[in-house]
Each structure stands twice: as C-alpha cells, then as structure tokens.
A.B. asks: 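The structure that follows is given in the form of structure tokens.
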Amino acid sequence: MKKNSLVVRMVLALMMVAVLFVPMMGSAAPATIKIGTIYPLTGANATTGADCMSGVEMALDIINNSYDIDFPFAKTVGIPNLGGAKLELVVGDSRGDATVGMAETERIITESKVCAFFGGYQSGVVKTTSMAAERLQIPYVLSDATSPTLTERGFQWFFRVIPHDGIQAKNALEMVNDIEKKEKVDLKKLAILWENTEWGASVAVELRKWAAHYGYKLVADISYVYKATDVSAEVLKLKAANPDIIVHAAYVSDAILFTQTMKAMKVAPKVFIGMAGYLDPNYVGTVGADAENIFVRGVYGLDLAVSKPYVAKINELYKKKYGRDMSPNAARSFTAPFVIADAINRAKSTKPEDIRKALLETNMPASALITAYDGVKFDPVTHDNTLAKSLYLQIQGGKLRVVWPFNLAAVPYSYPFAWGK
Amino acid sequence: MANNKRFIYTLLIVLGIAIVLPLVLKARFQQHILVLVMLYAVLGEAWNIMAGYAGMVSIGQAAFFGIGAYVSTILFVKFQVNPWIGFIAAGLVTAAFATVIGLPFSRLRGRYFAIGTIALGQMIKVVFENWPWVGGATGMIIDMKKGSFWNFQFHASKTGYYYIALGMLVFVVVYIYIMERSKMGFYFKAIRENEDVATGLGVNKTKYKLLAIAISAGITGMCGTILAQYQLYVEPAYMFDHTISVTIALIAVFGGSGNIIGPILGSVILMPISELTRAWMGSSGSGIDLMIYGVFIVLMCVFEPDGLMGIARKAGRRLEARREKEVAA
Amino acid sequence: MILQLLTGGVLLGCVYGLVSMGLSLIYGVMGIVNFAHGALVMLAMYVSYWLNTYVSLDPVIGTPIIALIMFGFGMILYKLVIKRVLKGPFLARMLVTFGLSIFFINMAQFLWSPDYRNIQGAISKGTFMLGSVFIELPKLVASVGSLIVAALIYWFLRKTKTGLAIQAISIDRSAASLMGINLEKLNAIAFGIGIACAGAAGSLLASYYYIFPDVGTMFGLVALVAVALGGFGSTEGALIGAILIGIIETLGGFYIGPEYKYALIFLSYVLIVIVRPKGLMGWGAD
C-alpha cells in the first residue's frame with residue numbers, strides 16, 4: 001500500500017508536469033490566417049455551443065476549399081487577394097462563464113496571434129470577450145448574441161451583424177399585429193416569459209417597451225431560473241393570466257420543460273412565440289410534435305433557398321457533414337467568418353487595424369449571406385448592422401418554415417395555436 | 001524557534017520569486033493564470049480563517065465575493081467613487097453584512113452550516129438578479145478608463161492586478177501568522193475542536209465565530225472588487241456563481257486546510273491545472289479537460305486526504321529522519 | 001388553484017424525495033455528504049435511456065433493473081474510492097464527492113455528447129383530471145415509486161438483519177464494530193443501496209424528463225437541502241423535507257414569484273435550521 005501510493009504520487013507529479021508543458025509546444029503552420037472564436041462547449045449550454053461550432057466549421061470549409069456554389073469565397077480557395085491563404089480556426093471554450101471567456105479570448109489572441117475574433121453566443125459572456133478584444137485591439141465580429149447593451153459601449157473594434165433584441169422584439173409584435181389584421185381578430189393580452197440572465201432580461205426590457213408602443217396589455221411578466229427542474233408554478237401563473245400571446249425567451253432545457261408543462265396544463269395562447277432555445281435542433285428533437293405551430297424568432301430558414309438557391313446547396317454540404325439540416329443557430333454563427341473573410345480580402349492585409357478599417361467600409365449584399373439580412377453595413381458609431389432584419393419561422397411538420405414577413409413567407413402561417421393530441 | 005526562523009526565511013524567498021515571476025512569464029495567458037493563482041490563494045486563505053481555523057465550513061463564499069464586487073462597482077458606476085475607496089468599502093460592507101448574517105448562522109453546526117452557506121450564496125444571487133437599481137440580471141459595465149494604478153485598471157499588462165492580489169496575500173498571510181499565535185487563534189481552534197468544551201472554558205463562542213466570519217467575508221469581498229475591476233463587468237450569474245464557492249473550498253482543502261501554506265499550495269497547483277488543461281484540450285468541447293481535473297481531485301483525496309500539506313509534512317519528516325541517520329552515522 | 005398547487009407541490013416533492021433518500025442513507029451510515037448524487041442520478045438516466053434504445057426496456061418497468069445496476073456500480077465505487085477516504089478528515093470526504101461529480105458530468109459529455117435525449121413512448125404519459133386538478137401521470141408514477149422506495153428502505157432498515165446492523169452503525173460506529181458487525185461489508189451495502197436509490201430516481205425521471213450531462217446538478221442541490229432540512233441521517237426526514245420543498249417551490253413560485261422560488265427554498269431551510277439546528281428529524285453528531 002505504501003509503495004503503491006508513492007508510485008501513484010509520482011504519476012500524479014508527472015501528469016502535472018506534462019500538463020504544464022504540452023501547451024507550450026504550439027505548432028506554427030505558415031501561410032494561414034488565424035482567426036479565433038469562442039463558444040460554450042461544456043456546461044448547461046454545451047449543446048447549443050456545439051451547434052454553433054458546426055456552422056462555423058462549415059463556413060471555414062467553404063472559404064478554404066473550392067465548391068461549385070454561387071457564393072462568395074466558395075469557388076476559390078482561401079482568401080483570393082492574399083494568394084489563396086487559408087483561414088485557420090483557433091477555438092476556445094467559455095464554459096458559459098464570463099471570466100473564463102475573457103481569459104480564453106486573451107489567450108487565443110496573444111498566444112495564437114489571431115488577427116480577428118468572433119463568436120460567444122451568450123450575451124453575458126460576450127461582454128467580457130469583446131472587452132478583451134477591445135483591450136488588445138483585435139477586430140471582433142459578433143453574429144450570434146443579441147443584447148442591445150453590447151453595442152452601446154462605444155467600442156472601436158467590435159462589430160455586430162445580427163439584429164439586436166430591440167429590433168427582434170419589435171418584429172415579434174409587428175408579426176402579431178399583421179396576423180391580427182389578416183385574421184380580423186383582436187389580441188390584447190400579452191405574457192412575457194424570460195430566463196433570468198443577461199440575455200433574457202434585456203429581451204424583457206425591449207418587449208415591455210414595444211408592448212406599450214403597440215398597445216398590448218402585459219398580463220404576465222414572468223422570469224425564472226433557466227436551470228429549474230420544474231416549472232409548474234410558472235406555468236400555473238401563466239394559466240391564471242390566460243394570455244392571447246406568449247413570448248418566451250429561453251435556452252434549450254427550459255424551452256423543453258415549459259413546452260411539456262404548458263401542454264400538460266393545457267395553457268394554449270393564440271400565438272406562441274419562442275426564442276433562441278426553440279431554434280436548437282435538440283428542442284424539436286426532444287418535444288417532437290408538441291412543438292408544432294410555435295413561432296420562432298430567427299434570422300435563417302431553409303426556405304430562404306426559394307430566393308437564394310445557394311442556401312440549399314450549402315445545406316446539402318452541411319447535411320453530408322453533420323447528418324442534419326443546418327439550424328438557424330448554426331446559420332447565424334456561419335455568417336461571422338464570411339464577414340471577416342470579406343474584410344481581410346478587401347484590406348489585402350492581416351493587420352488588425354487594416355481589418356478594422358475594412359470592416360467599417362463593409363458593404364455586403366444580401367446575396368452574400370445565407371441569413372435574411374438585406375446585407376451587412378455597419379453603423380459608423382454603434383457598429384450595429386444597419387441592414388439587419390429578423391424573420392419569424394413556424395415549426396410545421398417538425399421543420400422550421402419561414403412565415404413572416406409575409407413577402408418572404410414560404411408557407412402560410414397556421415393560426416391559432418393549439419396543442420396536438 | 002530555529003524552525004520558526006527557517007519558516008520565515010522560506011516565505012521570504014517564495015515572496016521574492018512571486019515578485020519576479022511576472023517579469024519572466026510575460027505572455028498574457030500566463031499572467032492571467034498568475035492573477036487567478038494569487039486571487040484564489042487569498043480567497044483560500046480567507047476561507048481558511050473561517051473553516052480551517054474556526055471550523056465553519058463554507059460553500060457559499062460567492063455571496064461575500066459578489067457583494068464585494070457589487071459594492072465597488074455601484075460606488076464607481078453610480079457615484080463616480082474611485083475604485084480604491086470602493087475596494088476598502090467592499091471589505092467593510094461585506095464584513096458588516098457577514099456579521100449580521102452570521103448571528104443566526106453561528107447557531108448552525110457542521111454540515112448544517114455548510115449547506116446553510118450554499119443556501120446563502122443562492123439567495124443573495126436571486127436578490128441581485130431582481131434588483132433593478134443595480135442592473136438586475138443584466139449586471140453593470142465598468143467604463144474602461146486609462147490603465148493606471150490610481151484607476152485600478154490595467155490594460156497593456158496584467159501585472160497590476162497581480163501585484164495588488166499579491167499585496168493582499170502578503171497582508172493576509174502576515175495577519176494569519178499573527179492570529180495563529182494570538183488569543184483569538186487559540187479560541188478559533190478551540191471552537192473548531194469542540195464548541196461545547198470551548199464555551200465551558202469561558203470562550204465567548206458567538207463573538208469569536210462572528211469575528212471569524214466577518215474577517216473571512218471582508219477579505220473575500222475585497223477579492224470580489226479585484227475580479228470586478230479585472231473583467232470590468234459584474235453580473236449576478238457570474239459574480240455569485242456556485243462554482244466560485246466550490247473552487248475556493250476545493251483549493252483550500254486540496255492544499256491542506258488549517259494552516260497558512262495550504263491554500264497557497266492548493267491554488268498554485270490547482271488553478272494552473274484547471275486553466276492549462278482547458279487551454280490545451282477545451283476546444284474539442286468533449287469535456288476531457290474537466291474529467292482530468294475531477295480525477296485529479298479524487299486521486300488526491302484517496303491517496304493524500306490531508307491535502308498537499310500532508311505530502312509536504314511526510315516529505316519533511318522523511319528528510320528529517322534521513323538527516324538524523326546521517327548525523328548518527 | 002390552491003388545490004392544484006398543493007398537488008403539484010407534493011408530486012414534485014416526492015420526485016425530489018426519491019433523489020434525497022439515497023443521499024440521506026449514505027450520510028447516515030458513513031458520514032459522507034455526497035455532492036456527486038446528482039451526477040449519479042444523471043448516469044442512471046443515461047443507463048435507462050440506453051436500455052430503452054437497445055432493448056426497448058420501458059424506464060418505469062425497468063426501474064428495479066436499473067436500481068440493481070446502480071447498486072453494483074455503487075459497490076464498485078465504494079471499493080475503488082469511498083472506502084479509501086472514509087478514514088480521512090471530513091473535508092477530504094466532501095472534496096472527493098465534488099471531484100467525482102465533476103468527473104461523471106464531463107465523462108457523460110465525453111462519451112455521449114452534450115445533446116439532449118429523451119425516451120419516447122414511455123408507458124406513463126399524459127395527464128388526467130381529478131376533479132378540477134390536473135395530474136401529470138409520469139410525475140404521479142415517479143411519486144408512487146418514491147413512496148415504494150421509502151417503504152422498502154423502511155422495511156429493510158427495521159426488519160432485516162443487515163438493515164438493523166446498518167442502523168447500529170449509524171448510531172455508533174465503534175460500538176457496532178465491537179459487537180462483531182462487519183463494517184466494511186455493511187458500508188459497501190449501504191453505499192450500494194444509496195446509489196440504487198439514485199438509480200431508481202434516475203430511471204423514473206428518465207420516463208418524462210430530458211437527459212443531458214448537466215441534468216442532475218440542480219436535482220442534487222435541491223436534494224441536499226431537502227436532506228439537511230429533514231435532518232441528516234433520517235430517510236423519513238429526507239422524504240418529508242423534500243415534500244415540504246416541493247410545496248414551498250410551487251406555492252411560493254406562484255404567490256410570491258417564480259424568480260424567487262429557489263431563494264424561498266433556501267430561505268426556509270435557513271429559518272428551519274436556525275430554529276431546529278438538526279433539521280426536522282435529525283439526530284446524532286454533527
């Protein structure tokens with residue numbers, strides 16, 4: 001026993017030494033352009049982090065290799081104006097934690113000498129990751145976190161492609177308005193349901209603002225812990241309020257839990273709108289038919305292929321690689337590498353300052369995006385994308401179909417919402 | 001007494017190394033690890049005062065940590081008070097809060113106290129999440145100022161944060177060293193070993209328990225300010241995170257609780273392992289880095305339940321024995 | 001409404017109770033606060049899932065089998081790890097379960113990815129009405145399971161020789177060993193039974209709850225509070241504590257606000273323990 005434990009102790013010591021030194025032996029492959037990213041790859045949001053990462057990997061595959069698709073950077077190899085230099089991805093795990101996120105971003109920027117950074121997913125984490133990039137003066141392109149406060153800080157190096165919660169909340173109620181007009185009904189009672197972290201709270205603020213603007217009556221304003229094991233109390237509160245419209249800002253596990261509990265307790269609004277977690281393939285996979293006819297906020301839908309044929313082709317590639325359709329979460333993360341590639345290509349340089357200047361002059365057309373935006377053009381002050389736009393999808397037949405704005409709708413929406421058998 | 005002198009010399013040498021270290025390890029990530037090592041060493045020592053010496057095991061230090069972070073941030077954001085004043089205020093407010101909370105808590109013993117502290121951490125988090133004046137769940141952003149000692153912000157290099165934490169560590173170690181040899185230290189240990197006997201001997205149990213909690217909380221709160229200034233952002237979800245509480249306890253126990261060196265050793269070993277394994281393997285998203293971390297802790301408990309200090313003591317004894325043998329020969 | 005809330009609270013409480021009882025038993029016998037209990041429930045949920053996927057074993061019917069598997073796993077865990085830390089200080093005994101918890105959660109992610117899974121078509125599905133009260137069948141089944149487990153433990157501890165010996169240990173270790181009780185063997189059995197309870201909990205939960213690596217964390221935490229509330233070492237106390245927590249959670253969540261419901265659970269724990277420092281039904285040394 002004594003001897004045994006001594007051996008184990010030595011093994012432990014060796015393990016430690018190994019662990020300390022292995023990362024120092026980083027490899028340096030020449031002629032690639034390094035860009036960094038970070039997602040929550042472990043912890044409660046790991047599944048969404050993995051989904052985002054697959055979108056990012058797909059983007060790099062298309063940029064770096066040659067595919068016969070009518071899409072920027074697809075036909076060519078690498079960045080054309082830099083002699084076809086390929087992009088190399090350096091990935092970090094934020095563990096869904098702001099401190100870890102900051103440290104990982106700094107490590108990747110300084111150790112791997114990346115010339116641009118993107119990603120983050122959770123708004124709270126992006127607050128510190130973007131701060132790290134700002135301190136180290138590296139351009140940061142955000143295409144997947146939506147809290148309005150992120151672009152209110154006057155950062156020089158931070159750019160956001162995705163529409164923020166203010167726009168998305170406004171669009172949600174606009175859609176309800178449109179539905180009311182079309183169906184000739186009057187929906188008044190609105191319930192908002194939000195997970196109580198940075199992102200959910202800022203969605204709630206925006207929703208309250210726009211609800212007042214559009215004259216909806218807030219009958220329930222419920223926040224909850226997204227790690228909750230049971231939500232009967234929340235759902236009973238909803239039931240008591242008996243709303244016409246429910247808007248739910250949720251991550252995945254809580255989206256699943258609420259759907260199951262609401263069905264069990266027969267809480268059925270006329271219009272049921274979900275956000276974020278509802279987009280995750282795991283959501284529909286888990287609740288199955290119960291997800292039918294829920295509206296989901298998104299910036300992407302496979303239906304966009306009707307007006308953008310390359311969307312279908314990219315989805316083909318994606319399906320071959322990951323065995324499922326590209327999810328809206330993957331699609332929005334997919335966009336950032338292209339915005340960065342576009343800036344590097346125009347800058348003809350990998351110097352961070354040159355890339356930043358190029359980003360300011362970004363003017364990507366809608367045809368260079370798989371998402372629903374009218375293009376990418378950054379506001380000179382806030383660096384928010386002035387051409388950003390969100391879509392509303394509806395889960396029909398287990399698939400996310402584009403139903404709003406009506407001019408982009410691929411299928412008619414179904415109204416009113418009701419639980420299946 | 002000679003032993004004592006040797007101990008102090010060793011400490012001074014270690015301190016010398018600690019001062020020079022950031023001049024050698026210049027990479028940003030290395031410096032980040034150094035800052036974390038220092039910060040958690042201080043947090044571990046603070047935990048040690050309460051748990052290691054006075055026997056009140058806390059798994060809710062995040063409550064104090066978060067309050068400290070919020071105090072300085074509120075002062076800075078709402079009233080433009082210099083973070084250094086906020087730093088001191090964080091210590092005072094947190095200590096005061098801990099005294100008030102400690103009054104009912106000091107009735108709890110052992111596991112009931114430990115789980116009570118978990119409960120405390122969670123409750124405080126909820127309070128801050130639902131308090132609009134401090135930003136609720138959205139938290140508060142600290143404006144980036146020019147990096148300087150006066151502003152308590154450092155951008156070009158992290159050494160500023162490191163030296164502030166190191167300064168705190170020196171202060172805390174000296175304090176504990178004196179405390180260990182004072183009446184208070186003896187009373188703490190008496191309470192830890194047997195509360196009832198201690199009371200029987202005339203120790204004012206409640207007073208000393210409250211003292212231990214308040215001192216521990218005050219130091220922890222000040223560390224909260226350091227982290228808030230470090231990441232320039234406070235949010236309840238992160239500042240009151242249960243993992244912070246667990247990590248603090250882990251580090252102290254891992255190193256060996258109830259003595260000065262333990263938490264420092266624990267932090268020096270555990271923080272780099274956690275950070276480096278993540279940097280090395282975290283990007284795969286497979287969780288393998290945390291698996292290693294978990295196994296490491298389990299192995300440590302199985303083979304060396306007294307923590308790293310247990311190993312050190314045994315090694316010391318072996319060395320001593322060998323020397324004696326040599327002298328005899 | 002109040003009737004609905006109470007029903008929901010009791011059902012939820014029974015589910016928590018299922019997780020809590022094993023925790024309490026383990027503590028009572030060997031003085032270990034098992035912070036890995038939530039992670040073990042999670043592992044049991046995965047076992048249940050895989051058995052359902054490969055041999056289409058229904059999670060509810062399979063509960064005894066999964067409890068048995070977890071019993072074996074618990075014995076192994078005891079032999080490999082727990083036995084070795086029993087003699088160590090309280091803090092090491094606590095630390096080791098933290099380490100195990102971190103390990104199991106990430107092992108699950110490593111082996112099975114962070115994806116959400118759920119068991120489709122378990123036999124207990126849907127809701128029914130009892131008067132004006134909705135009852136979710138899977139929760140009812142889980143609650144009944146919880147009561148059965150409680151009854152089994154009660155019977156085992158009071159009517160069997162092994163059970164009586166285990167009780168003797170939790171009252172006085174050294175005296176028990178002097179009386180010729182084989183501590184080692186009984187410890188292993190008690191730990192195994194504790195983990196088997198986690199197994200039963202996981203299996204019944206898997207019948208209606210989704211499964212992912214982090215799923216057990218919150219259950220583990222609530223169960224811990226339930227055990228402390230009921231009083232460490234008392235399995236009946238754990239069940240009662242858990243039911244109380246379930247009721248506080250639903251009633252408080254509804255009348256005071258869902259954002260405060262966990263805070264209320266913790267607050268009521270603190271208040272109760274301040275008045276009764278050993279919980280509702282606790283005894284023995286702290």
Side-chain angles (χ1 to χ4, degrees), chain A residues 1 5 40-51 95-96 193-196 200-201 220-240 252-257 259-261 263-267 277 280-289 324 421, chain C residues 1 4-5 7-9 11-13 15-16 19 38 84 105-106 109-110 113-118 120-121 125-127 129 134-139 205 208-223 246 248-263:
Chain A
M1 185 63 212
S5 67
L41 301 176
T42 49
N45 276 310
T47 160
T48 310
D51 194 30
R95 291 185 184 167
L193 195 57
W194 45 286
E195 60 82 29
N196 202 355
D221 189 342
I222 300 171
S223 71
Y224 63 90
V225 185
Y226 78 90
K227 288 178 181 163
T229 52
D230 181 274
V231 293
S232 330
E234 287 86 340
V235 173
L236 283 169
K237 238 181 139 90
L238 264 185
K239 195 176 169 66
V252 189
S253 57
D254 42 335
I256 297 170
L257 203 50
T259 307
Q260 291 171 340
T261 314
K263 185 186 180 192
M265 301 202 174
K266 302 198 172 68
V267 178
D280 196 294
N282 278 290
Y283 171 73
V284 178
T286 308
V287 301
R324 56 167 190 256
K421 264 289 125 200
Chain C
M1 188 51 93
Q4 172 75 58
L5 287 167
T7 320
L11 291 184
L12 178 63
V15 174
Y16 286 152
V19 185
R84 297 165 197 262
I105 290 171
N106 289 284
Q109 171 154 0
F110 180 71
S113 87
D115 283 347
Y116 285 67
R117 298 160 196 277
N118 74 334
Q120 302 282 358
K125 219 179 166 67
T127 54
M129 297 282 283
F134 289 97
I135 292 178
E136 292 170 73
L137 190 59
K139 272 189 197 160
L205 271 176
Y208 74 99
Y209 210 76
Y210 46 83
I211 304 158
F212 72 111
D214 219 16
V215 66
T217 315
M218 203 67 193
F219 282 105
L221 197 62
V222 174
I248 293 169
E249 181 177 329
T250 29
L251 280 183
F254 187 81
Y255 289 110
I256 299 174
E259 63 270 45
Y260 296 111
K261 69 180 192 185
Y262 288 107

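Convention: sequence-line order gives letters A, B, ...; per-chain numbering from 1.
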A.B. asks: Find the distance between CE (A:M265) and CD (C:Q4) and round it off to the nearest 0.5 Å.
C.D. replies: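 Here the rounded value is 5.5 Å.
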A.B. asks: I'd like to check C:F212 versus A:N282 (side-chain heavy atoms, cut-off strictly below 4.5 Å). Are they in contact?
C.D. replies: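 No; the side chains remain at least 4.5 Å from each other.
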A.B. asks: Go through the atoms of A:I222 and report whether side chain, backbone, both or neither lie under 4.5 Å from a heavy atom of chain C.
C.D. replies: side chain
A.B. asks: Based on non-hydrogen pairs under 4.5 Å, which of C:P114, C:G257, C:G253, C:P213 is most in contact with chain A?
C.D. replies: C:P114
A.B. asks: Hey, what do you get for CE (C:M218) to OH (A:Y226), rounding to the nearest 0.5 Å?
C.D. replies: 11.0 Å
A.B. asks: Quick one: side-chain hydrogen bond (donor to acceptor under 3.5 Å, both in side chains) partners of A:E195, sequence neighbours excluded?
C.D. replies: A:T197
A.B. asks: Checking heavy atoms, do the side chain of A:S253, its backbone, both or neither come under 4.5 Å from chain C?
C.D. replies: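 For A:S253, backbone and side chain are both near chain C.
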A.B. asks: Could you check whether any side-chain heavy atom of C:Y116 comes within less than 4.5 Å of a side-chain heavy atom of A:I256, counting everything from C-beta outward?
C.D. replies: yes
A.B. asks: For A:S223 and C:E259, which heavy atoms make the closest approach, and how far apart are they?
C.D. replies: OG-CB, 3.1 Å
A.B. asks: Distance check, rounded to the nearest 0.5 Å: A:T229 atom OG1 versus C:L12 atom CG?
C.D. replies: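 Rounded to the nearest 0.5 Å, the OG1-CG separation comes to 6.0 Å.
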A.B. asks: With a 4.5 angstrom heavy-atom cut-off, is it the side chain or the backbone of A:L257 that approaches chain C, or both, or neither?
C.D. replies: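 Looking at A:L257, backbone and side chain both touch chain C.
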A.B. asks: For C:Q109 versus A:L41, what's the shortest heavy-atom pair and its separation?
C.D. replies: NE2-O, 2.6 Å
A.B. asks: Identify which part of A:D230 has an atom lying under 4.5 Å from any heavy atom of chain C, answering side chain, backbone, both or neither.
C.D. replies: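 Looking at A:D230, backbone and side chain both touch chain C.
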A.B. asks: Can you confirm whether C:Y262 sits close enough to A:K227 that some side-chain heavy atom of one is under 4.5 Å from a side-chain heavy atom of the other?
C.D. replies: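 No, every pair of side-chain atoms sits at 4.5 Å or beyond.
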A.B. asks: In Å and rounded to the nearest 0.5 Å, what is the CE to NZ distance from C:M1 to A:K239?
C.D. replies: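 Those atoms lie 7.5 Å apart.
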A.B. asks: State, with a plain yes or no, whether a side-chain heavy atom of C:Y210 is found less than 4.5 Å away from one of A:V287.
C.D. replies: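 They are not in contact (no side-chain heavy atoms under 4.5 Å apart), so the answer is no.
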A.B. asks: Under a 4.5 Å cut-off applied to non-hydrogen side-chain atoms, are C:K139 and A:S232 in contact?
C.D. replies: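 In short, these two side chains touch, coming nearer than 4.5 Å.
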A.B. asks: Could you grab the distance from atom CZ of C:F134 to atom OG1 of A:T261, nearest 0.5 Å is fine?
C.D. replies: 12.5 Å
